[in-house]
Amino acid sequence: MYCYVILDSKSRFLDKSFTYHIPDKIKNKIKKGMRVIVPFGKGNKNTIAFVYDIVENIDDDFETKDIVEIIDSKALVDDELINLAFFMNKRYLSPLRSCIRQVLPAGNIKEIKEYFYKTENLDKNDNLYHIFESKKSLDDLLNKYDINKDILDKYKDKGLIDSYFDINSNQKINYQIFVSLKENFDDSKISKNAKKQKDIINYLRENKEVEYKKLLSKTKSSKNSFDALVKKNILNIRKIEVNKALVKDSERYDKFILNDEQNLAFRKIMENPDSSYLLKGVTGSGKTEVFLQVVEENLKKGKDSIILVPEISLTPQTIERFQGRFKQKIAIMHSRLSQKERFQQWRMIKNGEVKIVVGARSAIFAPFKNLGLIIIDEEHDKSYISSQDPKFHTDELALFRRAYNKATLIFASATPSIKTMTKTLDGEYNLLELKNRVNGKLPKVHIVDMREELKNSNYSMISSLLYEKINEKLKRDEQVILFLNKIGHNSFTFCRHCGYVIKCEACDVSMTYHKNVSKLVCHYCGRTKNQPTICPSCGSKKIKEFGAGTEKLEEEIKELFPKAKVIRMDSMTAKDKSTYNSMYKNMKDNKVDILIGTQMIAKGLDFDNVTLVGIISADLSLNIDDYTAYETSFELLTQVSGRAGRADKKGEVIIQTYRPDNFVINAASKNDYQGFYNYEIESRKAFEYPPFVDLITIKILDKSRIKCMDISKKIKYYLDLEYEKDREIKIIGPNPCKISRINNKYRYNIIIKLKDEKLEEISDFLIRLKNYFINKSKDTSILVALNPSDIN
DNA sequence: AGCACGCCGACT
DNA sequence: GTCGGCGTGCTC
């Protein structure tokens with residue numbers, strides 16, 4: 001017998017399957033999903049590996065080594081999730097290890113320990129009773145108590161003891177490593193040839209303390225030279241912990257009686273739970289109550305539920321409702337939990353201690369054994385497409401798990417994505433509609449032509465109508481939300497004399513002025529610069545900011561409405577969860593009159609007292625050069641508008657635009673989803689974009705532009721060789737990415753358009769091609785994605 | 001990533 | 001010669 005394993009190693013060169021022989025004595029103990037120790041490399045170093053498959057025979061011609069031993073006595077993950085990992089590997093062309101990692105419990109796989117404890121079957125007179133009275137880790141049992149694995153297995157088989165997984169409570173979280181020189185170091189031992197080591201020392205002399213990765217890249221040196229210096233006792237190393245998070249209790253949330261529409265949707269789902277649904281409901285139509293009742297039914301059947309929300313920012317209020325309703329423990333899964341916390345949530349789910357998980361896209365991997373329901377709320381949201389490896393689409397994984405478990409799958413949105421709507425019209429999902437708001441009123445929408453404002457000499461960001469309306473609402477003590485899709489003070493700084501634009505030194509983008517830190521900031525790499533007073537190119541003093549962001553808007557508003565309490569919510573001000581939560585609470589408690597925000601506030605925030613929403617510039621997202629620009633804009637405008645008038649007060653929306661005739665803006669203002677869909681689907685068809693074709697993007701990144709271009713051309717050459725004659729496959733590029741350089745790495749892309757039945761054929765070829773180039777050129781990154789949310 | 005191999009310049 | 005640095009290639 002042989003098994004296929006993935007090594008626990010970070011190197012991308014080892015990101016592939018290895019085959020080991022299973023010695024007879026562990027043959028009947030080893031299972032898929034367990035960790036094992038294997039001899040690896042020339043020194044046969046003992047390495048942790050994950051078994052993803054077991055086979056009787058292999059026909060490969062390489063020699064196989066024997067597995068040393070099994071680490072776990074039961075599988076960390078079951079077949080469903082292992083299969084899901086391979087599904088991702090194949091479909092999204094993502095590195096195999098990243099796919100396996102995704103379905104494994106979070107955190108360092110080495111830190112996961114198996115703990116043994118007694119069951120009620122263990123007799124008090126058993127001579128091992130005292131040992132298992134309290135839980136013991138496998139390590140301790142083997143080393144301190146001198147109990148061998150055979151005894152453990154025997155006891156376990158008889159049901160006298162059981163085990164579970166945990167990680168060390170003193171487990172270390174993420175570290176950033178800072179390096180400096182020791183005070184009285186002795187550099188006499190450094191040979192004259194060690195140029196790199198001297199570079200490092202000199203760099204540290206100038207910069208005192210430097211972050212490890214930065215140090216290596218700045219001095220262009222390798223880990224080799226660094227390690228040599230550590231050995232010679234020259235460097236000080238300081239580690240700093242990053243990130244933290246928490247979970248809390250919530251108030252009772254009582255059950256509502258469903259209205260007719262809600263009830264119809266609910267009944268249809270319950271009639272046929274083994275299928276998929278699209279619940280299309282206008283904002284404020286009470287989708288959440290339908291979810292809650294479906295989950296309740298699912299709980300009655302003893303089944304588990306996964307509820308997905310687009311952003312971490314939405315989890316607190318969703319959790320509040322589910323916890324408030326069901327009065328039971330609910331697991332949370334999202335990216336801002338620490339490794340330890342994530343592991344604890346994973347363990348609760350795995351051990352069956354919870355039946356409900358609420359979370360962002362990664363919660364789709366919740367290791368439930370009896371999954372009965374998956375809900376994807378705000379289904380259209382881009383965050384359901386992962387932009388890191390594995391670059392999965394949550395809807396596709398949900399379909400996979402739904403089919404495997406014969407579960408119910410519900411997509412929900414006021415503005416379904418083109419993809420989901422098309423599948424619904426094709427009959428793949430059943431359509432359920434909630435056409436009316438619970439309180440019966442949709443907001444009234446006004447479109448303001450900003451060109452007219454300019455003609456009337458109003459140069460501010462606020463039109464006269466918006467100004468009037470804000471005043472009116474403030475007088476009535478109602479709340480206002482202003483939406484602007486751009487953070488910072490200004491979009492860029494440029495010279496009125498020569499046209500010079502301040503750009504980031506490491507990226508091909510202009511820098512944004514942030515007044516609170518009075519610096520220019522690059523939103524791609526985080527570098528900052530002082531705002532110059534004279535133009536670095538021509539020396540003119542006419543260098544100034546241009547365009548406006550949320551920070552500038554906040555200033556204008558404070559000037560226009562000095563008495564109003566204003567807060568600004570964007571990725572700069574609401575960086576961590578606690579500030580976000582306090583802003584949310586202040587808004588809810590009516591301590592804020594005007595909320596200014598970006599994308600962040602478009603998603604499902606419900607404030608009963610908000611009666612006016614102002615969209616400062618509806619055009620911004622329309623101009624993005626991406627085939628999804630119209631779809632995203634329509635969603636955004638509709639969602640933001642939906643923030644107005646959620647309770648019994650009537651809401652109003654003001655959309656400011658320079659393009660009042662634009663189709664998307666008009667459709668959004670009339671809440672005309674169908675009109676929008678019909679228009680957009682035609683254009684996707686005409687220009688051959690998803691859902692009519694699949695796009696595979698290949699991004700090539702390298703510090704040298706020449707090398708980047710060279711490798712890109714070679715990849716294109718091989719692709720052409722294979723597919724040039726195939727009329728179902730189009731290969732575009734290589735072209736420089738729209739942002740042609742980020743963090744000093746040049747970026748090229750190749751885009752492949754293909755009919756989806758060709759995907760399988762091309763993906764095998766692409767994986768081989770990618771591996772070939774990765775092994776050939778170590779400093780080049782090659783990133784492949786299927787239908788990414790951002791093709792640039 | 002970790003390790004061996006082999007090339008190269010600098011020093012005995 | 002010979003030693004250490006450093007680039008390259010391989011790992012079931």
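Nothing here was measured: the structure is a model prediction, and the numbers come from that model. Heavy-atom basis, side chains included; hydrogens, waters and symmetry copies ignored. We name chains A, B, ... by the order of the sequence lines, and we start the count at 1 in each one.
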Do A/Thr219 and A/Lys196 get their side chains close enough for a donor-acceptor pair, meaning under 3.5 Å?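 Side chains of A/Thr219 and A/Lys196: no pair found under 3.5 Å.
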Do you see a donor-acceptor pair shorter than 3.5 Å between the side chains of A/Lys90 and A/Ser763? no
Rounded to the nearest angstrom, tell me the gap between atom [atom1] in [X] and atom [atom2] in [N].
{"X": "A/Asp8", "N": "C/dT11", "atom1": "CG", "atom2": "C1'", "result": "16 Å"}
{"X": "A/Arg12", "N": "C/dT11", "atom1": "CZ", "atom2": "P", "result": "18 Å"}
{"X": "A/Ile58", "N": "C/dC12", "atom1": "CD1", "atom2": "P", "result": "13 Å"}
{"X": "A/Lys45", "N": "C/dC12", "atom1": "NZ", "atom2": "C1'", "result": "17 Å"}
{"X": "A/Ile200", "N": "C/dG5", "atom1": "CD1", "atom2": "P", "result": "12 Å"}
{"X": "A/Asn771", "N": "C/dG9", "atom1": "CG", "atom2": "P", "result": "16 Å"}
{"X": "A/Lys42", "N": "C/dT8", "atom1": "NZ", "atom2": "P", "result": "16 Å"}
{"X": "A/Asn46", "N": "C/dC12", "atom1": "CG", "atom2": "P", "result": "13 Å"}

Check every strand shown and say whether [X] touches a base, only sugar-phosphate, or nothing at a heavy-atom separation below 4.0 Å.
{"X": "A/Lys10", "result": "nothing"}
{"X": "A/Gly41", "result": "sugar-phosphate"}
{"X": "A/Phe13", "result": "base"}

Regarding [X] and [Y], does a basic nitrogen lie under 4.0 Å from an acidic carboxylate oxygen?
{"X": "A/Asp702", "Y": "A/Lys745", "value": "no"}
{"X": "A/Lys136", "Y": "A/Asp140", "value": "no"}
{"X": "A/Lys29", "Y": "A/Asp150", "value": "yes"}

Parallel, tilted or perpendicular, as decided by the 30° and 60° cut-offs, for the rings of A/Tyr164 and A/Tyr115: parallel
Record whether the side chain of A/Thr19 comes under 3.5 Å of the base of C/dC12 through a donor-acceptor pair of N or O atoms. yes
Separation between CD of A/Glu69 and CG of A/Asn46, rounded to the nearest 0.5 Å: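 Separation between the atoms: 8.0 Å.
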For chain A and DNA chain B, what are the first and last nucleotides along the strand, 5' to 3', with at least one atom under 4.0 angstrom from a heavy atom of the protein chain? B/dA1 to B/dC11
Between A/Lys196 and A/Phe40, which has a closest nucleotide on DNA chain C that is more 5'?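 Between the two, 5'-proximity favours A/Lys196.
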